[in-house]
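Naming: A, B, ... by sequence-line order, numbering from 1 per chain.
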Amino acid sequence: MDMALEVAVAAIKIFIVVNVVQLVVAYMIYVERKVIAHAQLRLGPMRVGWHGLLQPIADGLKLFFKEDIIPDKADRVVFVLAPVMVLVPALVVYAVLPFSATFYITQINIGLFFVLAISSLGVFGVVMAGWASNSKYSLLGALRSAAQMLSYEIFLGFSVIGPLMLAGSLNLQEIVHAQRDVWFVFYQPLAFIVFFVAALAETNRVPFDLPEAETELVAGFHTEYSGMKFAFFFLAEYASMMVISTIGIVLFFGGWEGPDFIPLPGFVWYCLKLGAFMFVFIWLRATLPRYRYDQLMRVGWKFMFPLVMLNIFLTGFLKYLFL
Amino acid sequence: MEIYFFYMFAGGMILTSLLMITRANVIHAALLLVLTFFFLAGVFVLAGAEFLAAVQILLYAGGIMVLYLFSIMLMNVEVAVRMRQWHRQGVVVLVAAVLLGLEIWAVLGEVEFGAPKQWEWSLGATPGNVEALGAVLYTKFLFPFEVASILLLASMIGAIVLAKRTIER
């Protein structure tokens, strides 16, 4: 009977997390539109509700009722599966993220590794979407995306090794506990820089949003998608942005733990840090131009890769000397 | 409980591999192979090798198969589908299958099957094998580990040299 109870509790937690994530994603899009609008001295959405607050719901309804088009020459099965294949990994990863000291779906001892493994699957959906659409723009967009995501996944993977060496555990909750005194960002500035750039590239955000360079590729791999299927790609993009921000918070900014002199619950600290992270994402989008494809690859392999290797070496060396 | 999960994963693995080798469309075959990797990762988890399961997904599914798909996508699949799918090598296949079957039978004869390990239901963290794996890999098996690294390095350099020669021409 114990088992049934545990399964029921887990199911309830999963239900809460999945729904809250979708709601937060909808409002992330609203916040993004507002912040960018104000950065460009515009007002952004104002019509639906007070200062456009109901805009995300209107948008969601619109996408829900839109006609769902599958191109004639598309590979139907793969075409339909591709958005699912993008969204599911993005949501599955939430299973191991620590939202506070007590609220999480599960803790596994390969937590961080699990996150990396599952989020590496998102690229399948992109490749499948690009190929199944049977359109040149989609295919080119998908090829670009795949090359970019594969390259930067390597830097992302290497950049987490530094904090891991300090924490001595793959369990995300234990990594948070290891930062009770000092955030790892002070010990691992190099790793954080590489992590942040790789995170931008992994989530296809400005300045690395080449996969959806409108001027060259229309809309990249999701050119042929409409209605709910298109919404799935959107949801997945923002959901994985939140995942990668959470990983950044857990690895470098002490997760849900805050300084002792401000007594706020762990979950509030987590939300504040997540909000700050997401704001930086949006802020960068309002500020920076897009990188060129060869620049993207050069920055990655010739600058970030040596940097992250140096960081691992230095961390090991210093840890051996002082700890 | 564990045994049902095992049958689910093993059955899924057999089904997807059979589907994989019978598809005419290479992309479908590749995607089915990815599914097979997932079921295999599930079996690894049941065996208590969660690190191996994560590696299986990260490297094989997330890395190698994406690269495969990457190159297959550039191929004209419609032409490939119309090509002859079987190589009419039934005799060779039969001989190989019989030999392999005998081999498996011989190996299985040596193994002693004990009672299946009791599975403890827990959604919490359990003491893991990541530390143990690291310790063993960098002490007892350091030499094979380094040999494997050198092999990989050599193959990488070889690939770069071959690619560079064609670029220079």
| said: Could you check whether atom OH of B:Tyr60 has more than 12 heavy atoms from other residues, nucleotides or ligands sitting under 6.0 Å from it? | reply: no
| query | Do you know which two heavy atoms are closest between A:Ala117 and B:Ala54, and how far apart they sit? | reply | CB-O, 3.7 Å
| Contact class of B:Leu31 relative to chain A, heavy atoms under 4.5 angstrom | side chain
| note | If you tally heavy-atom pairs under 4.5 Å between each of A:Ala132, A:Ala147, A:Gly130 and chain B, the highest tally belongs to A:Ala147
| message | At a 4.5 Å cut-off on heavy atoms, which part of A:Met128 comes close to chain B: side chain, backbone, both, or neither? | response | side chain
| remark: When rounded to the nearest 0.5 Å, the distance separating CG of A:Leu121 from CZ of B:Phe37 is 12.0 Å
| task | Identify which part of B:Phe38 has an atom lying under 4.5 Å from any heavy atom of chain A, answering side chain, backbone, both or neither. | result | side chain
| Non-hydrogen atoms of chain B under 4.5 Å away: do they reach the side chain of A:Ile154, the backbone, both or neither? | neither
| request: Taking all heavy atoms of B:Gly62 and all of A:Ser120, pick out the closest pair and write down the distance. | output: CA-OG, 3.6 Å
| query | Can you tell me if CG on A:Asp72 sees more than 12 non-hydrogen neighbours from other groups inside 6.0 Å? | reply | no
| message | Using a 6.0 Å cut-off, check whether atom CD of B:Glu146 has over 12 heavy atoms from anything other than its own residue. | response | yes
| task | Output the option from A:Val123, A:Leu143, A:Val127 having the highest count of non-hydrogen pairs under 4.5 Å with chain B. | result | A:Leu143
| request: Below 4.5 Å from any heavy atom of chain A, which atoms of B:Val55 appear? Answer side chain, backbone, both or neither. | output: both
| query | Are there residues of residues 155-164 of chain A that reach to under 4.5 Å of chain B by heavy atoms, and which ones? | reply | none
| task | Report the option among B:Ile57, B:Val66, B:Leu67 that has the most heavy-atom pairs separated by less than 4.5 Å from atoms of chain A. | result | B:Val66
| Any idea how B:His28 and A:Trp131 line up, ring-wise: parallel (<30°), tilted (30 to 60°), or perpendicular (>60°)? | perpendicular
